Amino acid sequence: MTDFVPATTVGEPSIGYDPAAVERKWQARWEASGTNAPKLDGAPRPYYALMMFPYPSAEGLHVGNLFAFTGCDIHGRFQRLRGHTVFEPFGYDAFGIHSENYAIRLGIHPAELIPRNIENFRRQVQRNGLMIDWSHELATTDPAYYKWTQWVFLQLHKRGLAYKKKGAVNWCPFDKTVLANEQVIGGACERCGTMVEQRFLEQWFFRITAYAERLLKNLDHLDWSESTKTAQRNWIGRSDGAEILFVVQDLMEYAGSATASAGQSGEVTATAMEIRVFTTRPDTLFGATYLVLSPEHPLVQELPGDDQRDEVEAYVARAAKQDLVTRKTNRDKTGVFTGAYATNPASGEPIPIWVADYVLMEYGTGAIMAVPGHDERDHEFAKKYDLPILQVVAPTPNTVDVREAAFVETDNCHLIDSGHFSGLSVEEGKAAIVSELASHHAGNAVVNYRLHDWCISRQRYWGPPIPILYCDTCGVVPVPEAQLPVELPNIEDFTPDDSGVSPLARHEEWYLTTCPNCARTARRETDVSDTFLDSAWYFLRYPSTDRNDVAFDASLTKHWLPVTSYIGGNEHAVLHLLYSRFITMVLHDAGLLSFEEPFTRFRAHGLIVKEGAKMSKTKGNVVNPDQYIEEWGADAFRTYLMFLGPYEEGGDFRDKGISGVRRFLDRLWLSVHDARTDGDIDDTVRRKLHQTIRKVGDDIPRLGYNTAIAAMMEYMNTMRSGERRPHVDEVRPLVQMVSPFAPHIAEELWETLGHTRSVFDSGWPDYDPALVVEDTFEMPVQVNGKRRAVITISKQVDETAALAAALAEPTVAKFVTGTPKKIVFVPGRLLNIVV
RNA sequence: GCGAGAGUGGCGAAACUGGCAGACGCACCAGACUUAGGAUCUGGCGCCGAAAGGCUUGGGGGUUCGAGUCCCCCCUCUCGCACCA
């Protein structure tokens with residue numbers, strides 16, 4: 001309970017504002033009357049206001065969560081005031097390694113821990129007064145939900161978009177578990193500090209790369225934060241280049257190994273070994289002085305002669321042992337010569353073939369042509385191993401020495417020492433060389449994407465089992481849809497072990513089952529799927545949570561989706577949003593959805609810091625929302641969160657600051673209770689009111705919450721200035737404007753004002769455009785750009801009259817000596833006299 | 001290194017297509033009402049200066065009658081990506 005006893009200044013004492021009581025009252029009423037749970041079927045003007053659902057941690061709701069939710073709620077409540085039927089659902093992203101690790105640390109089973117966390121989250125969210133429709137709540141850990149997550153997997157599998165292949169993972173030999181990249185710090189396991197290794201495991205992938213171009217192109221037409229779109233573009237990373245074939249020389253020398261792999265006699269030279277490389281700089285082909293293969297490249301086994309074999313193998317083994325993070329972070333170039341040579345198709349020169357871990361197998365072809373003269377990485381490597389460096393691109397005049405550093409500029413540069421291509425610009429050179437290669441079947445233009453296929457396998461316990469069976473007779477068999485969900489069994493030993501497979505693989509009683517095709521014994525897939533899959537479709541589920549027979553109801557989906565407004569953190573700018581788009585496109589292609597982009601509008605909110613520093617448990621500066629709501633009330637807390645900075649940039653939470661918005665709400669309370677009903681409303685107040693309605697109505701949709709609140713405070717100051725007692729007609733619209741921010745007090749005051757229906761059904765106040773414009777204004781008068789006076793003058797005044805009025809001011813006249821050289825008059829703005 | 005964003009009073013921050021820099025709030029100062037006030041109300045509050053006036057949006061140049069806003073160079077911070085050929 002609060003110990004706050006508001007005081008009054010004006011005669012009659014009003015009942016003090018007691019947020020705890022008001023908030024309790026209205027939360028109970030909303031629930032009882034179902035105000036926040038609209039009838040979805042055929043609802044007029046549907047508006048789907050989605051907030052990113054949280055991972056329900058054991059620590060409870062973070063202010064960051066509340067900041068995000070509140071901003072979304074305000075948007076939703078505003079749209080409701082504008083007459084939309086607003087659907088604002090809530091749920092929990094409760095599967096995943098994060099929950100699992102936490103459960104392991106506490107020694108509590110996640111199946112026990114998570115429901116407790118969820119309950120706590122729900123309590124906190126409810127306390128904050130969000131307009132959530134609780135009748136559509138969901139949790140990804142609920143079998144009634146993940147049944148459909150598994151169904152989504154099957155839809156992809158059906159369409160050939162889910163496949164299995166070996167992929168590299170981080171492996172901690174001490175904890176005996178697979179680690180995500182974020183769990184590897186400086187090459188060591190974040191929990192035990194043991195150096196992490198690379199392991200190759202069979203894993204399930206989604207072929208998101210097949211959608212790369214579409215995912216990229218559609219971005220152009222989405223109403224999303226520009227920064228988010230840029231992040232996605234970079235992540236997809238389209239690059240235009242060419243693949244070029246290099247023929248390995250002196251094949252006969254390696255006939256032994258080549259025949260062994262070909263499996264039979266003689267004609268080895270006919271099937272000459274070729275190396276395909278990807279490059280974005282085909283124009284530099286004449287400068288390619290060596291080739292580099294990634295250690296994982298298949299030809300690495302075949303190329304080395306007897307002299308080099310041991311060294312190459314040792315190098316490859318060393319690279320394999322290294323974890324993925326260190327390998328990608330370690331900038332020191334290392335490599336070994338294979339002993340083999342290839343022919344540069346342009347110059348005809350033999351060039352050595354090396355193996356080095358700075359070339360990655362997962363990008364392009366896993367092999368590159370090294371052009372040390374024009375690539376910094378190749379230059380560094382060539383220096384270290386004393387390989388030739390040639391210059392084939394030059395600016396005019398050529399002042400470049402490529403032995404010193406790679407020359408990477410391309411603008412206004414031309415090719416040199418490149419046969420008959422010399423003299424062409426870089427752009428022309430690219431095209432000409434590629435087309436010449438193409439005519440010899442030695443290369444062609446190719447587009448590459450940085451985007452990889454999405455690995456969805458997790459060798460973990462806390463996730464939905466991947467709905468696949470392995471049968472000795474039938475092979476890989478998808479679980480029939482009718483048999484979903486494949487329930488996650490409640491096992492005690494859910495901690496990962498050294499096998500490199502999921503804990504589920506220890507439970508024969510679970511994974512042994514019958515093949516639906518041949519009725520023989522089959523094994524279940526024991527990996528679970530990535531949490532990102534759970535969240536890649538949850539927005540489709542919300543409207544249809546009552547349906548147990550389908551993932552989403554066709555007509556509800558048509559009516560409510562795509563999501564009208566989605567607000568969330570930019571930390572999900574790439575993965576979550578990209579995966580959601582991908583899954584939506586796939587379901588669209590499968591004829592299950594009429595749209596292919598899930599979120600019509602997306603805005604990223606900012607980050608909250610505390611007194612200029614990031615909040616963290618170790619610093620002990622984490623803001624506990626409960627404590628603040630206790631002391632100040634949810635309305636003040638919400639309003640303060642929105643006031644402390646621009647929503648899309650975040651802000652700085654300072655303990656002292658909240659008193660300002662609380663004072664504002666106190667004054668609002670007072671103004672309503674003390675409002676007079678007699679007499680007229682004042683002209684200046686009326687004008688200010690209409691300006692405020694316009695400003696707040698403009699600011700809220702663009703998430704300018706801090707300035708909207710400032711405008712209302714300003715109006716409050718005007719309304720009450722000089723201990724003025726406001727008129728009830730001046731206060732009423734303010735209650736409506738405040739309501740999205742401080743819904744409980746607004747409802748209470750709305751009732752006090754004599755209304756019987758919710759303020760959220762009262763509509764948004766209108767403003768009169770005629771009242772917004774001022775007829776006089778304070779015109780600054782400058783002399784030589786320096787302000788010398790401000791005169792109050794009609795907005796319609798013309799230059800002559802303005803000048804005359806200005807020169808009448810002594811402070812102006814004093815600086816105007818002689819005739820003005822120039823008069824700059826901006827009607828309705830200012831006057832500048834240049835002398 | 002690459003990409004995105006940001007640097008404005010003691011502090012959090014405002015500022016439309018270039019047009020009074022500092023709205024709104026915190027803190028602070030003075031006053032009023034008070035037995036009292038960590039309540040409320042009124043007024044003040046960028047810096048220098050007694051004033052006139054001068055200076056001021058990370059630093060340096062430029063365009064303009066006029067620049068926080070546009071252009072060039074540099075510095076710092078935050079976030080994301082990170083040997084992507």
Side-chain angles (χ1 to χ4, degrees), chain A residues 4-10 225-228 230-231 233-235 237 239 241 277-281 284 292 325 327-333 356-360 362-371 375-378 380-381 448-452 570-571 573-574 606-607 609 611-612 614 640 643-646 648-661 663-664 666-667 670 698 704 706-714 716-717 720-723 777-787 789-790 814 820-826 828-835:
Chain A
F4 176 80
V5 182
T8 56
T9 46
V10 200
S225 302
E226 221 31 67
S227 62
T228 311
T230 309
R233 287 195 186 100
N234 293 341
W235 186 263
S239 71
V277 306
F278 175 74
T279 179
T280 51
R281 296 291 306 277
T284 62
V292 188
V325 177
R327 171 159 166 197
K328 290 192 175 187
T329 340
N330 188 359
R331 236 111 263 241
D332 290 335
K333 300 268 180 299
D357 69 357
Y358 80 94
V359 174
L360 310 174
E362 66 264 26
Y363 188 76
T365 60
I368 60 155
M369 62 177 215
V371 185
D375 182 281
E376 284 164 4
R377 297 152 304 182
D378 297 342
E380 191 190 331
F381 192 81
N448 237 302
Y449 298 90
R450 206 193 79 112
L451 182 69
H452 298 345
N570 231 348
E571 68 273 19
V574 175
L607 230 67
V609 299
E611 326 264 320
K614 218 177 190 164
Y640 178 55
F643 183 63
L644 48 73
E648 289 175 271
E649 279 160 42
D652 195 349
F653 192 101
R654 287 173 187 260
D655 281 338
K656 291 271 177 69
I658 193 168
S659 62
V661 290
R663 196 154 17 236
F664 169 70
D666 282 333
R667 301 217 293 165
L670 202 64
D698 283 350
N706 56 333
T707 49
I709 296 166
M712 291 189 281
M713 288 174 162
E714 232 179 293
M716 174 74 77
N717 291 342
R720 294 183 63 87
S721 86
E723 304 191 39
F777 78 112
E778 309 268 290
M779 183 181 73
V781 179
Q782 302 180 337
V783 179
N784 287 345
K786 283 202 197 325
R787 185 182 58 120
V790 173
K814 173 165 131 188
K821 266 198 230 139
K822 184 171 179 179
I823 306 294
V824 180
F825 178 66
V826 185
R829 263 271 139 72
L830 61 41
L831 177 71
N832 186 12
I833 303 165
V834 185
V835 297

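Below, chain A is the first sequence line, B the second, and so on; all start at residue 1. Only a predicted model underlies this, so the values are computations on that prediction, with no experimental measurement involved. Values below: every heavy atom of this structure, side chains too, minus hydrogens, waters and symmetry copies.
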- Go through the steps to decide whether A:Leu831 and A:Val824 satisfy the test side chain to side chain contact (heavy atoms under 4.5 Å, CB included), and finish with yes or no. CA-CA 6 Å; A:Leu831 177 71; A:Val824 180; over 6 Å; no
- Check: A:Phe653 ring centre within less than 6.0 Å of A:Tyr640 ring centre: yes
- Message: Work out how far the P atom of B:rA15 is from that of B:rC33, and round it to whole angstrom.
- Response: 40 Å
- Task: Let me know, please, whether A:Met713 or A:Asn784 comes out on the 5' side of the other along RNA chain B by nearest nucleotide.
- Result: A:Met713
- Task: Specify the glycosidic conformation (syn or anti) of B:rG9, with syn defined as within 90° of 0.
- Result: syn
- Report the nucleotide, chosen from B:rG12, B:rG25, B:rA82, that has the shortest atom-to-atom distance to any side-chain atom of A:Arg450. B:rA82
- Task: Considering non-hydrogen atoms only, spot the tightest contact between A:Phe278 and A:Gly364 and give its length.
- Result: CB-CA, 4.1 Å
- Item | A:Arg663 side chain near B:rU40 phosphate (N/O to OP1/OP2, under 4.0 Å) | yes
- Query: Can you tell me how far P in B:rC72 sits from the matching atom in B:rA6, rounded to whole Å?
  - Reply: 16 Å
- Is the base of B:rC65 touched by the side chain of A:Lys821 through a donor-acceptor pair closer than 3.5 angstrom? no
- Task: Counting heavy atoms from C-beta on, name the nucleotide in B:rC83, B:rC26, B:rA14 closest to the side chain of A:Ser659.
- Result: B:rC26
- Message: Under a 3.5 Å cutoff, is there a donor and acceptor pairing between the side chains of A:Asn832 and A:Arg787?
- Response: no
- Euclidean distance, atom CZ of residue A:Arg654 to atom P of B:rA13 [Å, nearest integer]: 8 Å
- Those residues at least two apart in sequence (or on a different chain) that pass salt bridge (charged side-chain N to carboxylate O under 4.0 Å, His left out) with A:Asp375 are A:Arg377
- Message: In whole Å, I'd like the distance from the CD1 atom of A:Ile709 to the C1' atom of B:rC24.
- Response: 10 Å
- Query: Hey, where does RNA chain B pair up into stems, meaning at least three consecutive Watson-Crick or G-U pairs with distances under 3.5 Å?
  - Reply: B:1-7 with B:75-81, B:10-12 with B:24-26, B:28-32 with B:40-44, B:46-48 with B:53-55, B:58-62 with B:70-74
- Message: Check this one for me: any side-chain N or O of A:Asn570 less than 4.0 Å away from OP1 or OP2 of B:rG5?
- Response: no
- Query: Nearest heavy-atom pair of A:Met369 and A:Arg281: which atoms, and what distance?
  - Reply: CE-O, 3.6 Å
- Short side-chain N/O contact from A:Asn706 to OP1 or OP2 of B:rA14, under 4.0 Å: yes
- Determine the Euclidean distance between corresponding P atoms of B:rG22 and B:rU57; express it in Å to zero decimal places. 14 Å
- Note on the structure: Between CZ of A:Phe664 and P of B:rA23 the distance, given in whole Å, is 18 Å
- In whole angstrom, give me the gap between the P atoms of B:rA21 and B:rG58. 16 Å
- Task: Apply the test side chain to side chain contact (heavy atoms under 4.5 Å, CB included) to residues A:Glu649 and A:Leu607: give CA-CA distance (whole Å), side-chain angles for both, the deciding distance (0.1 Å), then the verdict.
- Result: CA-CA 7 Å; A:Glu649 279 160 42; A:Leu607 230 67; over 6 Å; no
- Distance, C1' atom - from B:rA14 to B:rC24, rounded to whole angstrom: 8 Å
- At under 4.0 Å between heavy atoms, what does A:Asn448 touch on the DNA or RNA strands: base, sugar-phosphate, or nothing? nothing
- Note on the structure: note: A:Leu360, atom CG; B:rA82, atom C1'; distance rounded to Å ~ 11 Å
- So do the side chains of A:Thr228 and A:Asn570 get within less than 4.5 Å of each other, counting heavy atoms only? yes
- Message: With a 4.5 Å cut-off on side-chain heavy atoms, are A:Ile833 and A:Lys821 touching?
- Response: no
- Here the distance between atom P of B:rG1 and atom CD of A:Glu380, to the nearest Å, is 14 Å
- Query: Would one find a side-chain N or O of A:Lys822 under 4.0 angstrom from OP1 or OP2 of B:rC65?
  - Reply: yes
- What interatomic distance, in whole Å, is found between P of B:rG9 and the corresponding atom of B:rC71? 23 Å
- Query: A:Asp378 and A:Tyr358: side chain to side chain contact (heavy atoms under 4.5 Å, CB included), yes or no, with the steps?
  - Reply: CA-CA 9 Å; A:Asp378 297 342; A:Tyr358 80 94; 2.8 Å; yes
- Message: Both A:Gly660 and A:Thr279 contact RNA chain B. Which one's nearest nucleotide lies toward the 5' end?
- Response: A:Gly660
- Item | Rounded distance in Å - CZ (A:Phe653) to C1' (B:rA13) | 16 Å
- Query: Is A:Arg233 touching bases, backbone alone, or none of the nucleic acid, heavy atoms closer than 4.0 Å?
  - Reply: nothing
- Message: What is the distance, to the nearest angstrom, from the CG atom on A:Leu607 to the C1' atom on B:rG12?
- Response: 16 Å
What does the list of N/O pairs under 3.5 Å between the protein and nucleotides 18-22 of chain B look like, with a distance for each?
from   : atom 1 : to       : atom 2 : distance (Å)
B:rG19 : O2'    : A:Arg829 : NE     : 3.2

- Message: Side chain of A:Pro646 only, heavy atoms from C-beta on: which candidate in B:rA14, B:rG12, B:rA4 is closest?
- Response: B:rA14
- What is the nucleic acid contact for A:Ile368, judged by heavy atoms within less than 4.0 Å: base, sugar-phosphate only, or nothing? base
- Measure the shortest side-chain to side-chain distance between A:Ser239 and A:Tyr363 over non-hydrogen atoms and say whether it is less than 4.5 angstrom. yes
- Separation between the C1' atoms of B:rG62 and B:rU69, rounded to whole Å: 15 Å
- Sticking with atom C1', work out how far B:rG7 lies from B:rG12, rounded to a whole angstrom. 15 Å
- Respond yes when some side-chain nitrogen or oxygen of A:Ser239 is under 4.0 Å from OP1 or OP2 of B:rA85, and no when none is. yes
- Message: With side chain to side chain contact (heavy atoms under 4.5 Å, CB included) as the criterion, how do A:Glu648 and A:Ser225 come out once you've worked through the C-alpha distance, each side chain's angles and the decisive distance to 0.1 Å?
- Response: CA-CA 9 Å; A:Glu648 289 175 271; A:Ser225 302; 4.2 Å; yes
- When the distance from CE of A:Met712 to P of B:rC24 is rounded to whole Å, what number comes out? 15 Å
